[in-house]
Amino acid sequence: MAALGSPARTLRGLLRELRYLNAATGRPYRDTAAYRYLVKAFRAHRVTSEKLCRAQHELHFQAATYLCLLSSIRQHVALHQEFHGKGERSVEESAGLVGLQLPRQPGGKGWEP
């Protein structure tokens, strides 16, 4: 996995994803339990005077992983909505998608010479 970057950047990314999720409801994202939990957790695991703070690094790794999950889900939903099939197509529609036309019978359907 690539470098994690700063914890503040990860927190900003998580809050941005929360804003995207709450945009549909119209409620401010700061009123959610997820927002309060994230801010509380990041404040509790600030950098200390220790050289190696395992809990702080572990929280940052989990937060970065969760940020990757949230952004990937959002991108997947956007791609799915854009390219999802519209159901069963007729043979004529399918041929038209690739630039072909079906041959036409001179006398119509059931024509015999």
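No experiment lies behind these values; they were computed from the predicted model shown. If you read the sequence from its start, that first residue is 1, and numbering goes on from there.
Atom OH of Y66 has 12 or fewer heavy atoms from other residues, nucleotides or ligands within 6.0 Å. Heavy atoms of other residues, nucleotides or ligands lying less than 6.0 angstrom from CZ of R30 number 12 at most. For Q75, the CD atom is densely surrounded, since the number of other residues' heavy atoms within 6.0 Å is greater than 12. Counting non-hydrogen atoms of neighbouring residues, nucleotides and ligands closer than 6.0 angstrom, the CZ atom of R74 exceeds 12 such neighbours.
Between E93 and L97, every side-chain heavy-atom pair lies at or beyond the 4.5 Å cut-off.
Here the straight-line distance linking atom CZ of R19 with atom CG of L14 works out to 11.0 Å at 0.5 Å rounding. Considering NE2 of H76 and CD of Q81, their distance stands at 10.0 Å, rounded to 0.5 Å. Rounding to the nearest 0.5 Å places CD of Q62 at 7.5 Å from OG1 of T65.
Closest of all the heavy-atom pairs between D31 and R36 is O-NH1, 3.1 Å. Pairing each heavy atom of Y35 with each of Y29, the nearest pair is CB-O, 3.3 Å. Considering all non-hydrogen atoms of both residues, F42 and P7 come closest at CE2-O, 3.5 Å. Summarising the geometry of T25 relative to N22, their closest heavy-atom pair is OG1-O, 3.0 Å, with the distance given to 0.1 Å. Shown here for A64 and T10, the closest heavy-atom pair between the two residues is N-CG2, 3.7 Å. Residues H60 and S6 come closest through the heavy atom pair NE2-O, 3.6 Å.
Under the 4.5 Å side-chain heavy-atom criterion for grouping Ile, Leu, Val, Met, Phe, Trp and Tyr, Y20 is not connected to L11 through any hydrophobic cluster.
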Trace of the side-chain contact (heavy atoms from CB on, under 4.5 Å) decision for T32 with L21: CA-CA 11 Å; T32 62; L21 289 173; over 6 Å; no

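Classified by interplanar angle (parallel below 30°, tilted 30° to 60°, perpendicular above 60°), the ring pair H84/H80 is tilted.
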